[in-house]
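Comments concern the structure below.
Just follow the structure's listing: the first ligand is 1, and inside any ligand the first atom is 1. This one's a predicted model, so the numbers in the text were calculated from it and none came from an experiment. When reading the values below, keep in mind they use all heavy atoms of this one structure, side chains included, and skip hydrogens, waters and symmetry mates.
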Amino acid sequence: MKAIILVGGEGLRLRPLTCNVPKPMVPVVNKPFLEHMIDNLKRHHIDQIILAICYLPDRIQHHFGDGSDFGVSLTYAVEQSPLGTGGAVKNAERFLEDTFVVLNGDIFSDFDLSDMVEFHRDHKGKATISLTPVEDPTAYGVVEIDAQSRVKRFIEKPSWETVTTNLINAGVYVLEPEVLDLIPGGVHCMLERRLFPDLVEQSVPFFGYRSNAYWIDIGVPEDYLKLHHDILMGKAVARFPGKSMADDIWVEEGCKMHPSAKLMGPVVIGRGCTIEQGVRISGPAVLGAGCTVGRGTAIDEAILWQNVKLGKDAAVRSSVVGNNSVIGDNTWVVDGSIISDDIAIGSSNKLEHGIRIWPGNTIKDNAISF
Ligand code: GTP
């Protein structure tokens, strides 16, 4: 069976982390998010994958190539301009001759894809949509099903007054090729707004597959941080690089660690990092390859991408720092701050309250004071 992963979106809600990197390539515990999705597909013996790409396509193609380094065979369906989730699937029609799976490229889930395919076949579905329960369905596409699991209604982002179920579209579908006849070719079209309502209206056999397995959409920075938390705390299952050195501490080769540094797991440290005297790292925390953490600095529940340089007596807490950024001495980056790539922050600044700094910016010493 083939799978198509939709990875062409701009990831605007995850900005500034997605200014230089497409959302599927943002690192999750030191490997691109899309590698985790491919791992999950392989677990269900799906190794023929089509990537529907559009935004920053070279970054994805250059990393994954033909897929052989990742144990899969990859084909690319390229859009010159975004065709939407439906248009992207239609654009890959020539590669899809049999029952196939579609996945949004920003969801991480442990759910049993093989069981979902079996459900689709047992129900003789032409389309099956995965459903997951959430506490607040108003930010999602809500799907009503009947007692036979047949989809009755599809409501995008309902208001609280109109909410009738907490089951939302979990972004994984099993489809038969003939439903592609309902999607117009070469124009922008969304599965959620066009194809799915059409399937219901035309009484095509369209079913909802309900799962309570772990599920998260990394569309916004809070959920990107939450996924790290959940993987490192063992709530979500994922493989990541690093050798286990002690309970809940994983370190890749080439790291230099001062004996006085204290690591309280779960902590993952990438290749070639330098951790200086008196540093304290409290997990869940991840340091990408080539990071340097200066004397006396504290890291708490934070994610550093590659080649980040933290000065002395600095603090990074519940925040993300992107590639090649430099944080000065005595500077705090706390409470959901998102510092993207190639940023230089001078000494004695305090960045907090979910502040987001775009790539390439510089903040002088003492510019944002305590
Ligand atoms: P936002 O800009 O923050 O809404 O993110 P997004 O557009 O990247 O993601 P969204 O949640 O809207 O879309 C769900 C999935 O579909 C993501 O994995 C996107 O990459 C993908 N997607 C959205 N639009 C397109 C498109 O026009 N073409 C392709 N190939 N994929 C798309």
Side-chain angles (χ1 to χ4, degrees), residues 2-28 32-38 40-41 49-61 63-64 74-96 100-109 129-132 134 137-143 154 156-157 168-173 175 180 183-196 215-227 320 338 340 354 356 358:
K2 289 184 182 173
I4 167 164
I5 311 182
L6 305 174
V7 285
E10 278 192 70
L12 294 176
R13 291 162 302 145
L14 199 52
R15 282 194 174 176
L17 294 174
T18 44
C19 290
N20 294 331
V21 181
K23 189 160 53 172
M25 294 302 291
V26 298
V28 168
F33 179 71
L34 189 53
E35 281 191 37
H36 292 282
M37 290 195 74
I38 289 174
N40 281 339
L41 285 175
I49 301 169
I50 300 146
L51 297 180
I53 54 177
C54 186
Y55 178 64
L56 301 175
D58 300 346
R59 295 293 298 264
I60 298 176
Q61 278 182 293
H63 181 81
F64 285 100
L74 291 180
T75 309
Y76 296 91
V78 187
E79 292 148 59
Q80 296 316 319
S81 60
L83 291 173
T85 51
V89 178
K90 183 76 177 177
N91 187 47
E93 190 170 18
R94 64 193 178 282
F95 304 119
L96 303 164
F100 61 97
V101 178
V102 182
L103 300 103
N104 280 352
D106 53 1
I107 50 131
F108 185 101
S109 174
I129 181 169
S130 58
L131 305 175
T132 190
V134 291
T138 59
Y140 301 94
V142 168
V143 185
F154 212 89
E156 269 301 305
K157 303 189 175 66
I168 62 150
N169 172 5
V172 179
Y173 322 108
L175 302 179
L180 297 178
I183 303 177
V187 293
H188 189 277
C189 162
M190 298 300 280
L191 292 171
E192 308 83 334
R193 291 176 195 276
R194 170 83 185 252
L195 178 69
F196 298 150
W215 179 90
I216 198 165
D217 165 345
I218 60 151
V220 295
E222 295 73 22
D223 289 333
Y224 171 72
L225 271 163
K226 186 172 186 314
L227 175 58
V320 183
I338 307 293
S340 62
R356 296 179 185 199
W358 255 242

Can you check whether [Y]'s main-chain N or O pairs, donor with acceptor, with [X]'s side chain at less than 3.5 Å?
X      : Y      : answer
Thr18  : Gly11  : yes
Asn40  : Ser109 : yes
Asn104 : Leu6   : no
Lys2   : Phe95  : yes
Arg59  : Pro22  : no

Can you say whether the rings of Phe154 and Phe196 are parallel (under 30°), tilted (30 to 60°) or perpendicular (over 60°)?
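Ring orientation, 0 to 90° scale: tilted.
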Pick, from [options], the option with the minimum heavy-atom distance to [atom].
atom                    : options                      : result
atom 10 (P) of ligand 1 : Arg13, Glu10, Met190         : Arg13
atom 2 (O) of ligand 1  : Leu12, Ile4, Leu191          : Leu12
atom 8 (O) of ligand 1  : Ala92, Gly11, Gly8           : Gly11
atom 13 (O) of ligand 1 : Val102, Asp106, Thr18, Leu14 : Asp106

So, is [X] polar-close to ligand 1, with some N/O to N/O distance under 3.5 Å?
X     : result
Thr85 : no
Ala52 : yes
Leu6  : yes

Can you name the atoms of ligand 1, numbered from 1 with element, that are less than 4.0 Å from a heavy atom of [X]?
X     : result
Pro82 : 27 (O)
Ala88 : 28 (N), 29 (C), 30 (N)
Leu83 : 27 (O)

Which heavy atom in Glu79 sits nearest to a heavy atom in Cys54, and how many Å separate them?
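Reported closest heavy-atom pair: O-SG, 3.5 Å.
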On a heavy-atom basis, which atom in Val89 and which in Ile4 lie closest, and how many Å separate them?
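Minimum heavy-atom contact is CA-CD1, 4.1 Å.
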Return the residue, atom name and 0.1 Å-rounded distance of the protein heavy atom closest to [atom].
atom                    : result
atom 28 (N) of ligand 1 : Glu79 OE1, 2.8 Å
atom 9 (O) of ligand 1  : Lys23 NZ, 3.3 Å
atom 23 (C) of ligand 1 : Gly9 CA, 3.9 Å

About how many Å separate CD1 of Ile53 and CG of Leu74, when rounded to the nearest 0.5 Å?
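Between atom CG of Leu74 and atom CD1 of Ile53 there are 10.0 Å.
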Hey, could you give me the CG/CG distance between Asn91 and Leu180, rounded to the nearest 0.5 Å?
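Going from the CG atom of Asn91 to the CG atom of Leu180 covers 11.0 Å.
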Any Gly219 heavy atom less than 4.0 Å from ligand 1:
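Flag not set, Gly219 not near ligand 1.
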Answer with yes or no whether Gly84 contacts ligand 1, where contact means a heavy atom under 4.0 Å from a ligand atom.
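Yes, Gly84 has heavy atoms under 4.0 Å from ligand 1.
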